[in-house]
Amino acid sequence: MPDPRFFSVAGPFTVAEIARRTGASIGGAAQAELVLRDVAPLDTAGPDEVSWLDNRKYLDAFRRTRAGAVFVEPTLAPQAPATATVLVTAQPYRGYALAAQAFHPEPPPVPGVAPSAVIDPSARLGEGAAVEPNAVIGAGAEIGKRCLIGANSTVGAGSVLGDDVRIGANVSVSHALIGARVRLYPGVRIGQDGFGFALDPKGYVKVPQLGRVIIGDDVEIGANSTIDRGAGPDTVIGAGTMIDNLVQIGHNVQIGRGCVLVSQVGISGSTRLGDYVMIGGQGGLIGHLVIGSGARIGAQAGIMRDVAPGETVMGSPALPIKEFFRQVATLQRLAKKKSE
Amino acid sequence: MPDPRFFSVAGPFTVAEIARRTGASIGGAAQAELVLRDVAPLDTAGPDEVSWLDNRKYLDAFRRTRAGAVFVEPTLAPQAPATATVLVTAQPYRGYALAAQAFHPEPPPVPGVAPSAVIDPSARLGEGAAVEPNAVIGAGAEIGKRCLIGANSTVGAGSVLGDDVRIGANVSVSHALIGARVRLYPGVRIGQDGFGFALDPKGYVKVPQLGRVIIGDDVEIGANSTIDRGAGPDTVIGAGTMIDNLVQIGHNVQIGRGCVLVSQVGISGSTRLGDYVMIGGQGGLIGHLVIGSGARIGAQAGIMRDVAPGETVMGSPALPIKEFFRQVATLQRLAKKKSE
Amino acid sequence: MPDPRFFSVAGPFTVAEIARRTGASIGGAAQAELVLRDVAPLDTAGPDEVSWLDNRKYLDAFRRTRAGAVFVEPTLAPQAPATATVLVTAQPYRGYALAAQAFHPEPPPVPGVAPSAVIDPSARLGEGAAVEPNAVIGAGAEIGKRCLIGANSTVGAGSVLGDDVRIGANVSVSHALIGARVRLYPGVRIGQDGFGFALDPKGYVKVPQLGRVIIGDDVEIGANSTIDRGAGPDTVIGAGTMIDNLVQIGHNVQIGRGCVLVSQVGISGSTRLGDYVMIGGQGGLIGHLVIGSGARIGAQAGIMRDVAPGETVMGSPALPIKEFFRQVATLQRLAKKKSE
């Protein structure tokens, strides 16, 4: 069971209730009225817990599980032990996620402003917003309903947050228009000047960065990631995009909907991503590229050219995945031959 | 026009005034008294706006622009449309930068100390300095004239800042001597212990880090970048060097003047860079190397040996650029041959 | 001598006292009663300073040093100049570290709570703890004896810190159980949600992250590094592990004892490291791997498979070190042949 110092518990719920909330259908032992008290992995779950199978690697654990109920795909459901009620769904992990949300709901922000918070009189706070200690909110900022502004965070003058935005501790936001239900984890930096300067015999000349950061609804941005504001155009993050920790997004970058950027990715200025692009950890993209929707970019890939929609690339400089592995194999073969 | 919630506007200015401020000469339609109200890109600029052409890729847009005036190189000036006054200069982007500074000047810090700031009585604040809410300034620190210390930032005991330094929100500075006009963007960490320890049968023994961070005039350091203090010698960043976001500088590193380090670069301890070295995004350098002035290091390059002055290298491990591309081509050819 | 604005000085100490504290034996000029006032490098040390030789590269400097005493390995001790007392030890750098600690002891935290700190009434502070300005400590948190909580840092509800933990400025901790003598440098983020979501036709579904971060004794975590809490299991960092700046540790990662992770390393979710694993700068590991004890992973390596105990690997995708260098040499040879 999750550590009660950190996580709340709701429930219990019957199998029927969990099925209703997840859209799964009930099979196997089919005890719709069985009472469930928590989620747990296959190998530790007990008769009053619900588990899930989303990887054939764990098929053995599934066959032996003591879990009262298990989310599972239709084709694997028949292999459940006799004691288990199966919750049949095409997406067992999604089922788990929704069940975990049911048993451990995230507490809503506790409305109110900490006495130590510093809020400019011209800023507007939506109904139910919570402002934690030492948070600083600038002139003219607009904070949506039920937003949470974490301790020691700053929201700069003029920035706008939609409803239900959650900002963690020690975050800095400026020059930004942020959609609803966005989450910024601790240490995120949004809206600072992009990296722009012009050459001059006497030294670099700073180029004023006159754009903003526009973030769509339901975006998440991981701890200590940095998103610079645009130089003139805006930097744009599309709705539903998921960004991991320590990711860098340069000025004028445009990211579509539902993209996934794993930790330590870096995207240079003015590059544009379509929708549902996935980039593995530490992948890097130079500036002014166009990456088509559905493209997949491998971990540590170095992208120096446009990537077509749906294409999968790997390596640095990156290649189409088949070509990449052919080159890896070729070099391996040649090196072996030489050493024989 | 830039969003007035975030950017101030000055002007208007005549073409003659903009020419005077940038050193450009007036040609084309040559309307020196034309009134300009803003900067804008070639494709959206109107008759009262000034634009720029610094990339032949946009030559078509230049020929069709409705901009009242355009910064342009001498050789391309004749292709301007009849309606445009040209501002002829060898560095059009620099012209744009200075014009943008004129129309959208950065507001000076508003002198004063926020009531919630915590400043040690022995710290000294220069005339006109601004200290934002919840900033913390330690014993004996010296803050120059017109400095801005951002909200929720900390300046540790004994650190010294020159005049006109701007520190963003949520920055930490310690053990540092910082020159004039330096900018530290949000989340920058300056002066913490370097990564130093000695082996011992009972565990690692911490090596005291007894040096400082010395930063020259006009340096910029991007969001969430980290610069460790020296172990005994100092860590040194030369004047005019530009550092992007999420860059790591290890202890004892010495960086010359006017270097450019793109996002996510990492430089290990005791490596020394000459002047005007450029390092692409995610480039990594091991420790104790010497990188000559004017060297160029490609994005994602892995530098394990010294680099000569003016040399350009790419790859990991890095090679001279010609050799790098020859190897890329060779492997491509061999992999193709094999698969035929 | 270290800058007195930043570093305290203790001593002087006799050679005999330094020998006693480091376990070294006295030889060479063998002046056990010589008074030492500081540590210094071989080339600048004077007759009242102690230096060290831990790299044959500096053998010449050793032969010419004016240092009063020098830590040195037994085999090199005979090459000391006649003026130098040698402090003979198998680990000269460790000797230096301990001597530097003696001359420049880290000041203990000054017990007390800054008036601007915000501490929940239900939090517990150990004897001698120091809480700096604007630090925020949540409900039920437990802070050990003599802990230091840096300015503008936050310790979330329920987190537990052992004795003598030092947290720098602008740090965020939540959902964490932290051992004794742990150091978190400025900007560290501990315990935020891992990067977990499930697919859904209507968008990604957040997977509640129900684990914690467990950190063993004597761990150090560098500036702006990020450690996500577990998804259900915990994220675990073993005792004595040293983590540099800007490192990313994903959810459920388990790291053994005494590991060393250099700057900008990234470890994806659920990967497990044994003890004393070393990872060079910018190395990246995908998720769900097993890395054996004593493995060494090169800088910028891309790890996509398990690594055996004691194995050394390099490259992306990574190879055993011999194979890596064989491939590098093969490609070099083939590219040269082609161009001849």
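Remember, it's a predicted structure, so these values are computed and weren't measured experimentally. Here is the naming used below: chain letters follow the sequence lines, and residue numbers restart at 1 for every chain.
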Enquirer: Under a 4.5 Å heavy-atom cut-off, does chain B meet the side chain of C/Gln101, its backbone, both or neither?
Expert: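 Backbone plus side chain of C/Gln101, per the 4.5 Å heavy-atom cut-off to chain B.
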
Enquirer: So which of C/Thr44, C/Leu98, C/Ile243 has the biggest tally of heavy-atom pairs under 4.5 Å with chain B?
Expert: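 Top count of heavy-atom pairs under 4.5 Å with chain B: C/Ile243.
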
Enquirer: Which one wins on heavy-atom pair count under 4.5 Å against chain B: C/His104, C/Glu132, C/Gln264?
Expert: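 It is C/Gln264.
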
Enquirer: So which part of C/Glu220 gets closer than 4.5 Å to some heavy atom of chain B, the side chain, the backbone, both or neither?
Expert: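 Interface part for C/Glu220: side chain.
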
Enquirer: Hey, what's the ring geometry for B/His175 with C/Phe6, parallel, tilted or perpendicular (30° and 60° as the breaks)?
Expert: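 Answer is tilted, since the angle falls between 30° and 60°.
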
Enquirer: Crowded around C/Arg21 CZ? As in, over 12 foreign heavy atoms under 6.0 Å?
Expert: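 Yes, CZ of C/Arg21 has more than 12 neighbouring heavy atoms, counting only those of other groups under 6.0 Å.
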
Enquirer: Can you tell me which of B/Asp193, B/Ile286, B/Asn170 forms the most heavy-atom pairs within a distance under 4.5 Å of chain C?
Expert: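 Maximum pair count with chain C is reached by B/Asp193.
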
Enquirer: Does any heavy atom of chain B fall under 4.5 Å from the side chain of C/Phe103, the backbone, both, or neither of them?
Expert: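 Neither; nothing under 4.5 Å.
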
Enquirer: Compare all side-chain heavy atoms of B/Pro317 with those of C/Phe324 and state whether any distance is below 4.5 angstrom.
Expert: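 Contact flag for B/Pro317/C/Phe324 side chains = yes.
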
Enquirer: Answer with side chain, backbone, both or neither: which region of B/Val328 has an atom nearer than 4.5 Å to a non-hydrogen atom of chain C?
Expert: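 Neither; nothing under 4.5 Å.
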
Enquirer: Quick check on the interface: out of B/Asp234, B/Leu285, B/Asn224, who has the most heavy-atom pairs with chain C under 4.5 Å?
Expert: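 Heavy-atom pair counts peak at B/Asn224.
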
Enquirer: In terms of heavy-atom pairs under 4.5 Å with chain C, which of B/Gly187, B/Gly140, B/Ser172 leads?
Expert: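 The candidate making the most pairs under 4.5 Å is B/Ser172.
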
Enquirer: If you tally heavy-atom pairs under 4.5 Å against chain B, which of C/Gly281, C/Gly258, C/Ala299, C/Ala114 wins?
Expert: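 Top count of heavy-atom pairs under 4.5 Å with chain B: C/Gly258.
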
Enquirer: Is the closest side-chain donor-acceptor distance between B/Asp228 and C/Asn245 under 3.5 Å?
Expert: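 Yes, side-chain donor-acceptor contact under 3.5 Å.
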
Enquirer: With respect to chain C, which residue among B/Pro233, B/Ser159, B/Gly230 yields the maximal number of heavy-atom pairs within a distance under 4.5 Å?
Expert: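 Of the candidates given, the most pairs with chain C belong to B/Ser159.
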
Enquirer: Looking only at non-hydrogen atoms, find the nearest pair between B/Gln192 and C/Pro186 and report the distance.
Expert: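 B/Gln192 and C/Pro186 have their closest heavy atoms at CB-CD, 3.8 Å.
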
Enquirer: Hey, which of C/Met1, C/Arg257, C/Gln91 has the most heavy atom pairs under 4.5 Å with chain B?
Expert: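 Of C/Met1, C/Arg257, C/Gln91, C/Gln91 has the most heavy-atom pairs under 4.5 Å with chain B.
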
Enquirer: Which bit of C/Leu246 is near chain B, if near means a heavy-atom gap under 4.5 Å: side chain, backbone, both or neither?
Expert: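 Side chain of C/Leu246 only, per the 4.5 Å heavy-atom cut-off to chain B.
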
Enquirer: So which pairs with a foot in residues 311-322 of chain B pass salt bridge (Lys or Arg N to Asp or Glu O under 4.0 Å), sequence neighbours left out?
Expert: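 Every pair satisfying salt bridge (Lys or Arg N to Asp or Glu O under 4.0 Å) with a residue in residues 311-322 of chain B: there are none.
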
